[in-house]
Amino acid sequence: MKSASAKAKGRRLQQQVARDILARFPGLTPDDITSRSSGAGGTDLLLSPAALRVFPYAVEAKNQERVNLWEALAQAEANAGGLVPLVVLARNRTKPVAVVDWQAFLWLCAQARGTTPKGEAR
C-alpha cells in the first residue's frame, strides 16, 4: 500500500471516531473535535475543553491490517498528558474496537453502575 493510501485510511478512521463521539454526545459540535494530520505529534484527535469534560481520552487510531498493540498503547500513553490512553483499532471490513487500560475499564464499568465514589482516580 502506498504511503498516501495508508495515511488516508488512518484519517478515515480518525474521522469516523470523531463522528461517533459527536453522535454519542449531542452537546458537542464539530468544532469540539479536530482530526489531526498524520505525522503531527500528540493525540490523533484534538479535543476542546467541552469535549474533554465528556470524553477524557487520548485517542490513538490505528487502521491497519497488522498492528503492534503494545507499540500503539505505548504511543497513546506517551501522548496522554493526564488523559486516559485509548487505542481504536480497525482493519478492512471490520468494525473498530477500543483498547483501554484495565483499571480504566474497571472504572468505566463502575461509573456505568453508579458505584464509583466521586473523585476516584481513573
Side-chain angles (χ1 to χ4, degrees):
M1 174 180 277
K2 292 182 180 179
S3 179
S5 298
K7 288 181 181 184
K9 186 176 175 182
R11 191 169 33 258
R12 283 193 303 272
L13 177 59
Q14 287 177 358
Q15 291 167 346
Q16 177 185 350
V17 171
R19 285 190 307 272
D20 291 347
I21 295 168
L22 289 170
R24 180 63 62 177
F25 300 99
L28 298 178
T29 68
D31 292 336
D32 288 316
I33 303 174
T34 304
S35 177
R36 300 182 85 180
S37 64
S38 181
T43 60
D44 287 342
L45 295 179
L46 194 57
L47 304 176
S48 72
L52 288 171
R53 280 192 290 279
V54 297
F55 192 82
Y57 298 92
V59 177
E60 182 62 38
K62 298 289 184 189
N63 196 355
Q64 302 168 349
E65 293 302 304
R66 293 180 184 212
V67 65
N68 183 326
L69 178 58
W70 304 112
E71 283 182 12
L73 280 169
Q75 185 177 1
E77 289 169 356
N79 294 327
L83 300 173
V84 177
L86 172 68
V87 178
V88 179
L89 302 170
R91 63 182 181 179
N92 292 337
R93 295 172 294 285
T94 65
K95 58 184 177 180
V97 297
V99 178
V100 67
D101 172 81
W102 176 245
Q103 293 302 316
F105 177 74
L106 289 175
W107 184 87
L108 287 168
C109 291
Q111 278 291 107
R113 297 222 176 260
T115 59
T116 300
K118 193 169 189 162
E120 184 176 309
R122 281 176 254 161

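As the structure is a prediction and not an experimental result, all values here were calculated from the model.
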W70: hydrophobic cluster co-members (side-chain, 4.5 Å): V67, L69, L73, V87, L89, V97, V99
Less than 4.5 Å apart, side chain to side chain, heavy atoms only: is that true for L86 and F55? yes
Distance check, rounded to the nearest 0.5 Å: R66 atom CZ versus Q64 atom CD? 11.5 Å
Do L46 and I33 come within less than 4.5 Å of each other through their side chains, counting heavy atoms only? no
Indicate yes or no for a side-chain donor-acceptor contact from D44 to the backbone of A61 under 3.5 Å, with no hydrogens or angles considered. yes
Measure across P85 and V100 and return the closest heavy-atom pair with its distance rounded to 0.1 Å. O-CG2, 3.7 Å
Let me confirm one number: the CZ-CG distance from R91 to L13, rounded to the nearest 0.5 Å. 13.5 Å
Which of V88, V17, N63 passes side chain to side chain contact (heavy atoms under 4.5 Å, CB included) with P96? It is V88
Between Y57 and L108 the two heavy atoms that sit nearest each other are OH-CD2, 2.8 Å
When every non-hydrogen atom of D32 is compared with those of L28, the smallest separation belongs to OD2-CA, 3.4 Å
If you measure from CD on E60 to CG on N79, what distance do you get to the nearest 0.5 Å? 6.5 Å
Pick one: which of R12, Q14, Q16, R19 meets side chain to side chain contact (heavy atoms under 4.5 Å, CB included) with S35? Q14
Are F105 and D101 side-chain neighbours, meaning at least one heavy-atom pair lies under 4.5 Å? no
Looking at A104 and V84, what are the two nearest heavy atoms and their distance? CB-CG1, 3.7 Å
